[in-house]
Structure formats: C-alpha cells, structure tokens
Peer 1: 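What follows is a single structure, and I will ask about it in a moment.
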Amino acid sequence: MITDQDKKDRTELLAPGLYLVATPIGNLEDITLRALRVLRSVDKIACEDTRQTQKLLNHYDIRTPTVSYHMHNEAGRATELAVQLKAGARIAIVSDAGTPGIADPGGQIAAAAIAAGVPVFPVPGANAAISALIASGLAGESFTFHGFLPAKEGQRRTALEALRTRGIESQGSLIFYEAPHRILDTLSDVESIFGSAQHVVVAREITKLHEEFLRGAVSEIRTKLAGRTTVRGEIVLLFAPAAVESTTENRAVSIAKEVRELMKKESLTEKDALKLVARARGIGKSEAYRELQRERSK
Ligand code: SAM
C-alpha cells in the first residue's frame, strides 16, 4: 500500500530517472541505506526474477510494485521502460544478486535510457568479482573481468589460450565466473594451458554461511575439489599468469624454452609439447616448428 506520504517523499527526494541498484550476493545485510531508500521510493522495480527480489523486498518491508526484466524480454522491456522513463518515471533495475549489468541484465535499459536523454544513476553495492578480488590476495591495481568462460571445452580452451597470448601484463589479474559443475574441467584446462604450478584462487559462496577461499597451485586446488563428493555453490575463479614474451625474436627464443619446460614438467614428447605451445600462442604447428628450428640454428 503506497501512502500519500510515500508519494510525497518520492517526489521530494528522488529525481526522475533510471536507478541501477546493487543487491546482496548472499548476505542480506550487504545492501546500502541508499539502495533501500531508492527501492522504497521508485515507481517500480524491474527485476530479473520478481519472486527472488520479493524475498529481499519482504525482508526490508518494501512494498514497491515489481515488473520482470530478464534476458528473454530485455530488449522489448527496455523499449517499454524507456518510454515511461521519458515521461518522468523513476524506475529501479535489480538483478537476482549483485550489480545489475555485470553478467546480468541491465545494460540494454541503461543504453536505452541514455539514448532517450534520461538520467541513469548507479547505486553501487555488492559484486561477486570485486568481492572475490579484494580477498584473493592477488593484485587489485590492475585486473580484467571475463564473465563466464564458454561451456564447451574446445571454446573454453581457445578463450584461455587467447588470454595467454594476448599479453597478460596488460590484463592484470584475470577474474571469471564459473558454475560449480564446470569448475573441475575449467581448472584442468587452466592447468594444461598455464602449467600445473599456476597459482589460482577459487572463491566460493562469498558472504554466505559456507564461504570459502581456496588458494594455491591449480593442480592442488583441482585435486582438493575433485576429492569432494560434489562441488556446490557459486564460484569466482581468479589467477594472474606470468607475461608471455611477444616479439618475434623473443617468441623464437622462448618457444624452445617453453617446449623444454613442458616436456620436463608434463612428461610430454617434443611434438606434443610444441603442439601445446603453438595452441597457447595462437599460431600454427608449422609456424611454431619453424621458430623452434630458427632458434636452434643460431
Ligand atoms: N551481477 C552479479 C554480480 O554483480 O556479481 C553476477 C551475476 S552472474 C549471473 C552469477 C555468477 O556470479 C555466479 O554464477 C557466480 O559465478 C558469481 N557469484 C554470484 N554470487 C556469488 C557468491 N556469493 N560467491 C561466489 N560467486 C558468486
């Protein structure tokens, strides 16, 4: 029930526009005072899942009407909401958890509002990637967020290999969201592409009862998780691989070194090691072989 006082508060306190409101990623206390005021004062809340958001609204006794806004109706709903925003509405967008627009719906309505000349207000708060990073022990000065890796193994490996060759120095710590049923496969791919000693952090169930941070060599972490009956919960994976040399000359030199190291570490034949190095660098096997020969002939 919206009272006259509620309506008065809205008009006096909240400017018309679109509010992108972050909500908790587990612990219901992780919501800002401003987020609660905005959710209480807007005309409507567009939610990724109205039932999920209703639990949060009930907890804080917020009675604002809700409407669905998810990946299947995002484009159509964005146009509809943009018309209402243009007419002076105050609308909040929330996702199921965390910050809208980050691996979640929110981007299209923000773009539509901006195109319609409507103010867009961020209401910052919880986010799984940043929460994982700050407690990971990895450098936070420079990082890149990659959302979810592809579910299919081949595509996932290609994505990881591309990251390896893209010049890790310029990307800082890498942050990924991952599903619990895929984490073991992804860690296997990280191990074969970046080496078994690659330091990784698996942040699980952040801010929840069973919050857990596993830090160590990828091979150890994979073995630890594989030893469990099942891996549950929400996961963020982070790691900061060493830089790969990228000039042609350096590449030729380091190809031989990398092949030698892989042969020793992984007990591979030269042919198999070269195949892996070529894949990781995004070059063909014959190009990798030519570079190897060039170095050896020096
Ligand atoms: N918009 C959200 C945010 O700001 O973090 C992310 C939404 S995305 C659809 C959901 C993914 O975020 C999960 O699959 C998981 O990888 C990660 N995630 C969300 N909550 C988490 C938590 N409490 N602990 C660990 N990872 C979490």
Side-chain angles (χ1 to χ4, degrees), residues 18-32 34-35 38-39 45-53 55-56 59 68-74 78 92-111 120-138 140 143-152 156 159-160 173-187 189-190 200-215 221-222 224-225 228 230-239:
L18 179 71
Y19 293 79
L20 294 149
V21 182
T23 57
I25 56 168
N27 188 323
L28 282 184
E29 290 179 2
D30 291 333
I31 187 152
T32 67
R34 179 167 171 242
V38 168
L39 293 177
I45 305 171
C47 320
E48 187 181 5
D49 179 345
T50 50
R51 282 168 308 176
Q52 181 68 23
T53 300
K55 292 181 209 160
L56 177 78
H59 184 82
S68 73
Y69 175 77
H70 45 70
M71 59 190 269
H72 303 296
N73 71 1
E74 191 171 4
I93 301 286
V94 299
S95 64
D96 284 354
T99 302
I102 304 296
D104 261 342
Q108 289 199 26
I109 179 65
V120 175
F121 304 103
V123 184
N127 166 254
I130 298 298
S131 305
L133 178 66
I134 59 172
S136 67
L138 300 178
F143 62 88
T144 48
F145 170 62
H146 300 271
F148 288 96
L149 281 161
K152 290 197 176 138
R156 184 170 60 235
L160 287 168
S173 306
L174 308 180
I175 311 175
F176 306 90
Y177 287 160
E178 192 49 284
H181 60 277
R182 272 199 291 270
I183 187 67
L184 289 176
D185 289 342
T186 297
L187 290 175
D189 292 340
V190 170
V200 300
V201 180
V202 170
R204 211 176 59 79
E205 296 286 87
I206 305 167
T207 76
K208 301 187 197 176
L209 186 62
H210 299 291
E211 178 179 276
E212 178 180 44
F213 279 80
L214 297 170
R215 306 176 181 89
I221 302 301
R222 194 179 55 76
K224 199 176 264 183
L225 286 175
R228 297 182 180 177
T230 168
V231 181
R232 292 181 203 280
E234 300 194 276
I235 291 175
V236 181
L237 168 67
L238 311 93
F239 58 101

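Atoms within each ligand, like the ligands themselves, are counted from 1 in listed order. For the numbers below, each heavy atom of this structure counts, side chains included, while hydrogens, waters and symmetry mates do not.
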Peer 1: Scan side-chain atoms only and decide if Y69 and E48 contain a donor-acceptor pair under the 3.5 Å cut-off.
Peer 2: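 Not at all, the side chains of Y69 and E48 share no donor-acceptor pair under 3.5 Å.
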Peer 1: What pairs of donor and acceptor atoms, side-chain ones from residues 127-134 against any protein atom, are under 3.5 angstrom apart with sequence neighbours left out?
Peer 2:
from : atom 1 : to   : atom 2 : distance (Å)
N127 : OD1    : A129 : N      : 3.3
N127 : OD1    : I130 : N      : 2.9
N127 : ND2    : Y177 : OH     : 3.4
S131 : OG     : N127 : O      : 2.6

Peer 1: Would you tabulate the side-chain donor-acceptor contacts of residues 96-103 under 3.5 Å, counting partners in other chains and residues two or more places apart, or write 'none'?
Peer 2:
from : atom 1 : to   : atom 2 : distance (Å)
D96  : OD1    : D49  : N      : 3.3
T99  : OG1    : A126 : O      : 2.8

Peer 1: Listed by chain and number, what are the salt bridge (Lys or Arg N to Asp or Glu O under 4.0 Å) partners of K224, not counting sequence neighbours?
Peer 2: none
Peer 1: Do you know the tightest heavy-atom contact between A78 and I109?
Peer 2: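 Closest approach of A78 to I109, heavy atoms only: O-CD1, 3.5 Å.
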Peer 1: Any non-hydrogen side-chain atom of L187 less than 4.5 Å from a side-chain atom of L237?
Peer 2: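 They are in contact (side-chain heavy atoms under 4.5 Å apart), so the answer is yes.
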Peer 1: Identify, chain by chain and in numerical order, each protein residue with a heavy atom under 4.0 Å from an atom of ligand 1.
Peer 2: I25, A97, G98, T99, I102, A103, D104, N127, A128, F148, Y177, E178, A203, E205, I206, K208, E234, I235, V236
